[in-house]
Amino acid sequence: MSRFFDNKLRTVEAYVPGEQPKNVGELIKLNTNESPFPPSPAVIRAVDSAAVRDLRLYPDPTCASLANALSQQFGVEPSQVTFGNGSDELLAFCFHALCGNGAAFADITYGFYKVFAKMFSVAAEIVPLREDYTLAVEDYARCAGTVFIANPNAPTGIALKRGQIEELLQNKERLVIVDEAYVDFGADSAVPLLSKYDNLLVIGTFSKSRQLAGARLGYAVGSEELIADLNTLRFSFNPYNINRLTLLAGEAAVQDAPYFDYCRKLIIENRQYVSEKLRGLGFRVLPSMTNFVFAGPQEGLSGKEYYEALRSRNILVRYFDQDRLREFVRITIGTTDQMDALISATKDILGVEDYDCDY
Ligand SMILES: *Cc1c(COP(=O)(O)O)cnc(C)c1O
């Protein structure tokens with residue numbers, strides 16, 4: 001740290017992203033919840049050499065064409081959506097601009113909330129998940145600050161129903177921000193509630209269900225006023241936060257609904273498959289509505305030991321060295337082949353005979 005670093009930021013502990021290893025070709029990479037599938041063929045066609053030549057020009061700061069496409073899908077007005085360089089950027093804007101009364105979020109949830117609260121000097125009320133890792137909305141009844149809910153939650157994978165989100169919205173003086181990074185894998189979106197509640201903001205991403213983690217594209221959907229507030233932040237920080245290639249890729253991805261549905265259906269099937277297999281091997285697997293499972297080996301094997309044993313077999317998953325999470329690892333759902341490799345490595349680690357192979 002230099003002596004020039006602002007005092008108020010000295011205690012910020014930066015977010016630690018999951019490892020992005022260099023030898024990714026040799027590994028089965030199941031640690032950062034990316035899609036195992038490539039972007040839609042329409043995306044690959046959209047980002048052509050003409051688009052690259054146009055990189056000499058600034059992108060459209062209003063993201064008009066992408067806003068039209070996404071707003072149609074959500075059944076809202078284009079003025080009700082805006083975009084971030086990843087949803088992380090939009091979440092940062094929310095902590096910066098929409099938390100005048102503080103913020104409230106779970107003890108076990110997306111790690112960035114804590115970092116942003118600290119970074120923007122927002123007083124944070126931490127609301128513990130229940131013993132079984134579920135979130136009880138009534139625990140937020142007395143919180144005055146902006147409520148951040150990852151739905152489904154990470155790294156647990158557990159989802160709330162739309163009716164439970166609606167309960168949180170009854171106090172109209174309080175803003176509720178629902179982070180729907182994983183909603184496309186089977187959970188209820190809160191977007192339909194926007195027609196009834198103006199104290200709701202929904203944040204989403206193209207990183208998980210639309211195969212575009214590397215393009216950095218997140219969105220916010222809410223009332224025209226809330227979106228205007230976020231645009232004040234965007235235009236005061238970086239009006240060109242979404243680059244030209246990402247604008248094209250995002251629009252093409254939105255328009256290819258069949259590919260989107262095909263990929264998420266496969267992920268849901270593989271999630272069910274791997275959850276059953278792991279439970280059959282004695283694991284505790286929390287009920288997931290996401291593209292990952294949070295799974296704990298039983299019988300004296302810690303999450304860390306399982307993580308390391310998988311790692312030595314070239315399978316990379318995520319382990320969290322944090323209270324209540326140490327018994328688990330988070331496993332991204334991959335292709336069927338990758339899931340079979342995970343199960344067979346797990347049997348090897350547990351010393352279980354592999355009867356699944358063909359004789
Ligand atoms: C992955 C993730 C994000 C961030 O996604 P980006 O759009 O890639 O920045 C936000 N919230 C949760 C809960 C996530 O898991």
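Order of appearance sets the numbers: ligands from 1, and atoms from 1 within every ligand. Predicted, not measured: the structure shown is a model, and the values here were computed from it.
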*Should one rank Ala215, Ser87, Gly218 by closest heavy-atom distance to atom 5 (O) of ligand 1, which comes out on top?*
Ser87
*Of the choices Glu34, Lys208, Glu180, which has the non-hydrogen atom that lies closest to atom 2 (C) of ligand 1?*
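It is Lys208 whose heavy atom sits nearest to atom 2 (C) of ligand 1.
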_Asp179 heavy atom under 4.0 Å from ligand 1_ = yes
For [atom], find the nearest protein heavy atom and state the residue, atom name and distance (0.1 Å precision).
atom	value
atom 7 (O) of ligand 1	Thr205 OG1, 2.5 Å
atom 15 (O) of ligand 1	Tyr182 OH, 2.5 Å
atom 9 (O) of ligand 1	Arg216 NH2, 2.8 Å
atom 8 (O) of ligand 1	Ser207 OG, 2.6 Å

*4.5 Å side-chain heavy-atom contact, Leu129 and Thr156*: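 Side-chain contact under 4.5 Å: yes.
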*How does Glu89 reach ligand 1, by side chain, by backbone, by both or by neither, if only non-hydrogen atoms under 4.0 Å count?*
neither
*Is the count of non-hydrogen atoms from other residues, nucleotides or ligands lying under 6.0 Å from Tyr15 atom OH greater than 12?*
yes
*Can you name the nearest heavy-atom pair linking Ala141 to Arg174, along with the distance?*
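Here Ala141 and Arg174 meet closest at O-NH1, 4.0 Å.
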*Between Lys304 and Asp321, is there a side-chain N and carboxylate O pair less than 4.0 Å apart?*
no
*Ring centroid separation Phe83 to Phe206 under 6.0 Å*: no
*Centres of the Phe74 and Tyr219 rings: under 6.0 Å?*
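Aromatic pair counts; centres sit under 6.0 Å.
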